[in-house]
Amino acid sequence: VKGFIEFNKQNTDDQCLETEEKHRLTDKEAVEIIKSVCKTNNAQDIQKLDLKTRDAYLRDLKKHKLSVRQIERLTGISRGVVLKA
């Protein structure tokens with residue numbers, strides 16, 4: 001029992017079940033990213049672009065850590081399209 005208590009008091013840098021906390025972007029931050037990446041005045045303007053350009057922008061948005069659901073919600077483009085892009 002004494003050895004168990006001493007072992008548990010030791011400080012280590014071990015990471016077992018620890019996970020990194022994810023920073024979620026607010027919708028306001030996400031809209032600003034969409035506007036800057038896609039060079040539009042409005043997040044919904046992506047719908048009006050040709051398919052190749054739209055899909056390229058959607059891939060870029062996913063690289064900027066926007067979630068698929070957030071992209072779907074803010075741009076009005078269906079989830080399936082965002083996933084396939």
Nearest-0.5 Å distance that lies between atom [atom1] in [X] and atom [atom2] in [Y]:
X	Y	atom1	atom2	result
Leu74	Arg69	CG	CZ	14.0 Å
Leu61	Ile71	CG	CD1	5.0 Å
Ile33	His64	CD1	NE2	6.5 Å
Glu72	Ser67	CD	OG	9.0 Å

Results of side-chain hydrogen bond (donor to acceptor under 3.5 Å, both in side chains) for [X] - residues two or more places apart only:
X	answer
Asp55	none
Thr53	Asp50
Gln70	Asp27

Would you call Lys62 and Val68 a side-chain contact if the rule is heavy atoms closer than 4.5 Å?
yes
Holding to salt bridge (Lys or Arg N to Asp or Glu O under 4.0 Å), I want the full list of residues that pass it with Asp60, two or more places apart in sequence or in another chain.
none
Suppose we screen for salt bridge (Lys or Arg N to Asp or Glu O under 4.0 Å). Which residues come up paired with Lys48, at least two apart in sequence or across chains?
Asp45
Under 3.5 Å, which donor-acceptor pairs do the side chains of residues 76-85 form with other protein atoms, sequence neighbours left out?
none

Residues which pass side chain to side chain contact (heavy atoms under 4.5 Å, CB included) with Glu29, listed by chain and number, not counting sequence neighbours:
His23, Leu25, Thr26
What residues, two or more places apart in sequence or in another chain, satisfy side chain to side chain contact (heavy atoms under 4.5 Å, CB included) together with Ile5?
Val1, Lys9
Which atom pair, heavy atoms only, marks the closest approach of Tyr57 to Val37?
CE2-O, 3.5 Å
